[in-house]
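Okay, so here's the structure we're looking at.
Chain A is the first sequence line, chain B the second, and so forth, proteins listed ahead of strands; every chain is numbered from 1. These numbers were taken from a predicted model, which means no experiment stands behind them.
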Amino acid sequence: MTQYDIIVIGGGPAGMAAAVAAYDSGVKNIAVLDREEDLGGILRQCIHNGFGLHKLGEELTGPEYAARYAQQVAERNIKVYYEAAVTNVTADKIVTVQSREGLLKFQAKAVILAMGCRERSRGALNICGTRPAGIYSAGTAQKLINCEGYMVGKRAVILGSGDIGLIMARRLSLEGAKVEAVCELMPYSGGLTRNIVQCLEDFDIPLYLSTTVAEIHGKGRLEGVTIARVDANRRVMEETKRYIPCDTLLLSVGLIPENELTKCAGIAISALTNGAEVDENRQTKVPGIFACGNVLHVHDLVDYVSDEAEIAGCGAAAFVKGELNANKTISVRAEGGVRYVLPQMVHTDCGHDVSLFMRVAAPTGKVRLVVKIGDAVIAKAVKLKTAPGEMEKITVKADKLAACTGTITVCLEEMA
Amino acid sequence: MKRNLTCIICPRGCSLTVELENGNANVTGNACSKGAEYGTQECLCPVRTVTSVLRVSNRRDTMVSVKTAVAVKKDDIFRVMEVLKNTLVTAPVEIGDVLLQDVFGADIIATKAVK
């Protein structure tokens, strides 16, 4: 059985940054496994710009951002397996791969899970009506248009106002389609404000909040959808039903971390993040198995994915070298106003500052993010506004952490 | 004249207030100097970087992603798209290659390599 010190599953932004960081931490025997024919993951189809402002200090498109990291992988002696689909990972870190060379088994000392997400589909939504052609997940439409050169339709409605839905509203408009509406079930958009401005307002596309697609019409090809407002319990209000003729419906209704392999290794999945629970090194509860990127929790910016992957890469390298010796673990919990916090576990004796990443439960005005142990505040930060679509970060100093016992809690406090 | 804008330069999305007086713009609410530039530009002559794809004539089902090297006038976005729609390129292409020159003031450059 071929041996690797570290196996990285997934060659998207998380996998590439993790592999590079692990290599640069001194562990050289690394393999990256990816099921596509090229590195880059979902960035390959994200041809719009806006990537890399935080991480690289310049504004790049998705393919350019991916190419920067692919170049770094190529410059190092990192083995990449293309068109290699991992079918199993065990807690003993045996990785089974369906590859060009047939079924392979590898033994690793550490595994980094970086499989990313897939999109929620129509089946998960229970929309009434027929099953015509012309209904796509937003990412599938993006791949068809940007990678394969096939236009998906002429007149579209988009359900879901997350960033992918907004980006696709602009993309369809640029390619000559008429986007009739973007409908959002929630009373607020899940996307970045800048994307509402540059993707919807620039193209005069209406955004209907607290609105959903109630019915799908058409035989063979989609002919139209019935949209309707929803009440506070997200139930369709019959009297608000309205028919919009269209030949295309894009669904941008959430991402599901692809954690099948995580479960194979016996790692429990958090109901809050739909990913594994990890410590400050992004190590899961199975020693030597790490996770980063969208498979761990859904990120809004690839820059943060790269940051997180570097933490996991360095952590995995330290694990292989026998340097992860901190053993005083305490848990981190989200409270009032905060939906989840990551990492969910912290070693108080890790000896360095630890950043906590979180999402708020609902949009707010000016608030204070407070990290506490019992009643004692160990870190705080003021935010002028927060939104569920924008990840927040707060750093706890090493000396504050060292003195902690019990459970760390993170909450929002309103400010006048 | 006073306009309220959301800055689109970075994901922070600052809420800007721009006061226009005799062609001079005074921007407040920005967290950085780029925000001031954006607010001024947006009120005087809004511009956007356009990204799209071009078909590669000598590769099956292959597109090369491109962007305008500089932002073009917002009013010219669809004119740029019209030019791109009718353009075929020939592989190989490297990232940064200029595939078209001066399309409404901007070169069109490849953002993806096609071997």
For [X], does the [atom1] atom sit with more than 12 other heavy atoms under 6.0 Å from it, leaving out its own atoms?
| X | atom1 | answer |
| --- | --- | --- |
| B/Gln101 | CD | no |
| B/Arg48 | CZ | yes |
| A/Tyr150 | OH | no |
| B/Glu21 | CD | no |

Would you mind checking which part of [X] comes under 4.5 Å of any heavy atom in chain B, side chain (CB onward), backbone (N, CA, C, O), both or neither?
| X | value |
| --- | --- |
| A/Phe203 | side chain |
| A/Leu53 | side chain |
| A/Arg44 | neither |

Pairwise distance [atom1]([X]) to [atom2]([Y]) - rounded to 0.5 angstrom:
| X | Y | atom1 | atom2 | value |
| --- | --- | --- | --- | --- |
| A/Arg170 | B/Thr51 | CZ | OG1 | 6.0 Å |
| A/Asn49 | B/Thr68 | CG | OG1 | 8.0 Å |
| A/Glu148 | B/Asp61 | CD | CG | 6.5 Å |

Inter- and intrachain pairs under side chain to side chain donor-acceptor pair (under 3.5 Å), touching residues 71-94 of chain B, at least two apart:
A/Asp202-B/Lys74, B/Asp76-B/Arg79

Mind checking whether A/Glu175 and B/Ser52 have side chains closer than 4.5 Å, heavy atoms only?
yes

Contacting moiety of [X], where chain A heavy atoms sit under 4.5 Å:
| X | result |
| --- | --- |
| B/Leu54 | neither |
| B/Cys14 | neither |
| B/Arg60 | neither |

Verify, without hydrogens or angle tests, whether A/Arg194 (side chain) and B/Thr6 (backbone) share a donor-acceptor contact under 3.5 angstrom.
no

Nearest heavy-atom neighbours spanning [X] and [Y]:
| X | Y | value |
| --- | --- | --- |
| A/Leu174 | B/Phe78 | CA-CE2, 4.0 Å |
| A/Ile145 | B/Met63 | O-CG, 4.5 Å |
| A/Lys385 | B/Ser15 | NZ-OG, 3.9 Å |

Who wins among A/Leu301, A/Ile196, A/Asn195 for the most heavy-atom pairs under 4.5 Å with chain B?
A/Leu301

When A/Glu390, A/Arg171, A/Glu59 are compared by non-hydrogen pairs under 4.5 Å with chain B, the top option:
A/Arg171

When only heavy atoms count and the cut-off is under 4.5 Å, which of residues 105-115 of chain B reach chain A?
B/Thr111, B/Lys112

Contacts of residues 61-71 of chain A with chain B (heavy atom under 4.5 Å):
A/Thr61, A/Pro63, A/Glu64, A/Ala67

With sequence neighbours left out, the residues meeting side-chain hydrogen bond (donor to acceptor under 3.5 Å, both in side chains) with A/Asp34 are none

